[in-house]
J.: 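Got a structure here, written out as structure tokens. Questions coming.
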Protein chains: 2
Amino acid sequence: MGNEPLKGHLDLLVLACLENEPLHGYAIIDSLKQRSSGFFDLPEGTVYPVLHRLEKAKLLTSRWSQQSSRRRRVYRLTRAGKAALAEQTLQWSQFSLAVAGVVGATS
Amino acid sequence: MGNEPLKGHLDLLVLACLENEPLHGYAIIDSLKQRSSGFFDLPEGTVYPVLHRLEKAKLLTSRWSQQSSRRRRVYRLTRAGKAALAEQTLQWSQFSLAVAGVVGATS
DNA sequence: CGCAATTACCTAGCATTACTAGGTATGGGA
DNA sequence: TCCCATACCTAGTAATGCTAGGTAATTGCG
């Protein structure tokens with residue numbers, strides 16, 4: 001509760017949500033919640049700044065949706081974003097393995 | 001490289017190192033490196049403040065070693081530290097699973 | 001023996017970043 | 001109609017890993 005375990009992993013999570021389909025911010029929050037079985041229930045104030053940061057870094061592009069009656073900014077992975085997703089996924093698996101190595105060293 | 005993936009997980013890693021034996025700071029750095037096959041090669045400026053923080057939180061106690069010719073501050077898990085280790089280990093596994101759920105949702 | 005590298009500790013300040021807490025606006029259902 | 005959910009935004013805060021500096025003592029090598 002108190003600690004912030006997802007520091008440094010949020011970018012990966014958001015990128016992963018957009019891998020197969022463009023989504024708008026609110027839908028990303030929903031997607032994270034569903035894919036993680038409720039574990040990631042992130043406030044908007046967490047996700048929106050991430051989207052802006054990732055767009056600024058040219059990993060995402062966005063445009064206002066015309067499909068919906070509602071005002072929605074839809075985000076899509078750029079080529080660089082896909083590359084970043086691949087790399088961060090790899091880094092995650094390495095990191096995860098390393099933690100397991102340290103924590104599970106009890107035997 | 002640029003991002004900080006271990007934010008929020010460092011406490012767990014340090015606590016895990018001390019689960020079976022008391023260690024001094026420098027040895028903890030070494031232990032982390034070895035247990036993770038070189039992945040965690042942390043600067044002292046990262047680890048020492050963590051030790052101080054954990055001691056302040058009463059998860060560790062420390063004393064100057066008399067065993068060695070060198071000046072060493074040896075840290076040991078308190079009862080609360082063991083409890084925290086157990087809890088954070090659990091939280092890590094949940095977190096790890098949640099990330100896998102999001103990232104691996106591609107199918 | 002002299003000297004450099006390693007061991008071993010410490011801390012002030014920086015940068016990043018998730019989150020809080022506020023705000024705006026619109027559409028749909030009761 | 002009126003409220004709730006949807007949907008967006010941002011300024012400021014707190015936490016924390018890291019940089020970059022510092023101090024000493026011990027060990028090993030030439």
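Quick caveat: nothing in here was measured; it's all calculated off a predicted structure. Numbered from 1 within each chain, the chains take letters A, B, ... in sequence-line order.
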J.: As a test of understanding, state which of A:Glu55, A:His52, A:His24 forms a side chain to side chain donor-acceptor pair (under 3.5 Å) with A:Ser62.
T.: A:Glu55
J.: C:dT26 C1' sits how many Å from A:Arg72 CZ, rounded?
T.: 12 Å
J.: Assign each of B:Arg71 and A:Leu42 to its nearest nucleotide of DNA chain C by heavy atoms, then name whichever residue's nucleotide is nearer the 5' end.
T.: B:Arg71
J.: Could you check how far NE2 of A:His24 sits from C1' of C:dT26, rounded to whole Å?
T.: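 Going from A:His24 (NE2) to C:dT26 (C1'), I get 14 Å.
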J.: Tell me what A:Arg70 touches on the nucleic acid: a base, only sugar-phosphate, or nothing, going by heavy atoms under 4.0 Å.
T.: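 Base: the residue A:Arg70, judged by heavy atoms under 4.0 Å, touches a nucleobase.
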J.: Between A:Thr46 and C:dC19, does any side-chain N or O lie under 4.0 Å from OP1 or OP2?
T.: yes
J.: State whether B:Arg53 places a side-chain N or O below 4.0 Å from either non-bridging phosphate oxygen (OP1 or OP2) of D:dA15.
T.: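 No.
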J.: Does C:dC10 have OP1 or OP2 sitting under 4.0 Å from an N or O in the side chain of B:Tyr48?
T.: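 Answer no for this pair, as no side-chain N or O of B:Tyr48 is under 4.0 Å from OP1 or OP2.
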J.: Would you check if the side chain of A:Thr89 reaches a backbone N or O of A:Leu85 as a donor-acceptor pair within less than 3.5 Å?
T.: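 Side chain of A:Thr89 to backbone of A:Leu85, a donor-acceptor pair under 3.5 Å: yes, one is there.
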J.: From NZ of A:Lys7 over to P of D:dA15, roughly how many Å is that when rounded to an integer?
T.: 10 Å
J.: Taking only the side-chain nitrogens and oxygens of A:His52, find out if one of them lies under 4.0 Å from OP1 or OP2 of D:dC8.
T.: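 No, outside the criterion.
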J.: Could you check whether A:Gly25 gets within reach of a base, just the sugar-phosphate, or nothing at all, counting any heavy atom under 4.0 Å?
T.: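 Sugar-phosphate contact only - A:Gly25 comes under 4.0 Å of backbone atoms but never of a base.
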J.: Considering all heavy atoms of both residues, which atom of B:Glu44 and which atom of B:Pro49 are nearest to each other, and what is their separation?
T.: O-CD, 3.9 Å
J.: Any side-chain to backbone donor/acceptor pair from B:Thr78 onto B:Lys58? Under 3.5 Å, distance only.
T.: yes
J.: Can you see if the side chain of A:Ser69 gets near the phosphate of D:dA7 - specifically, an N or O under 4.0 Å from OP1 or OP2?
T.: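 Negative; the distance criterion is not met.
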J.: Specify whether B:His9 and B:Phe95 have parallel, tilted or perpendicular ring planes, treating 30° as the upper limit for parallel and 60° as the lower limit for perpendicular.
T.: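 Rings of B:His9 and B:Phe95: tilted, as their planes differ by 30° to 60°.
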J.: With a 4.0 Å cutoff (strictly under), does any side-chain N or O of A:Arg73 reach OP1 or OP2 of D:dC9?
T.: yes
J.: Rounding to a whole Å, what distance do you find between B:Asp11:CG and D:dT16:P?
T.: 7 Å
J.: Can you check the B:Gln88 CD to D:dT16 C1' distance for me, whole Å?
T.: 14 Å
J.: Just the rounded figure in Å: distance from C1' of D:dT16 to NZ of B:Lys56.
T.: 14 Å
J.: Atom CG of A:Leu13 and atom P of C:dT17: how far apart are they, to the nearest Å?
T.: 14 Å
J.: Expressed in angstrom and rounded to an integer, what is the separation of A:Asp41 atom CG from C:dT20 atom P?
T.: 11 Å
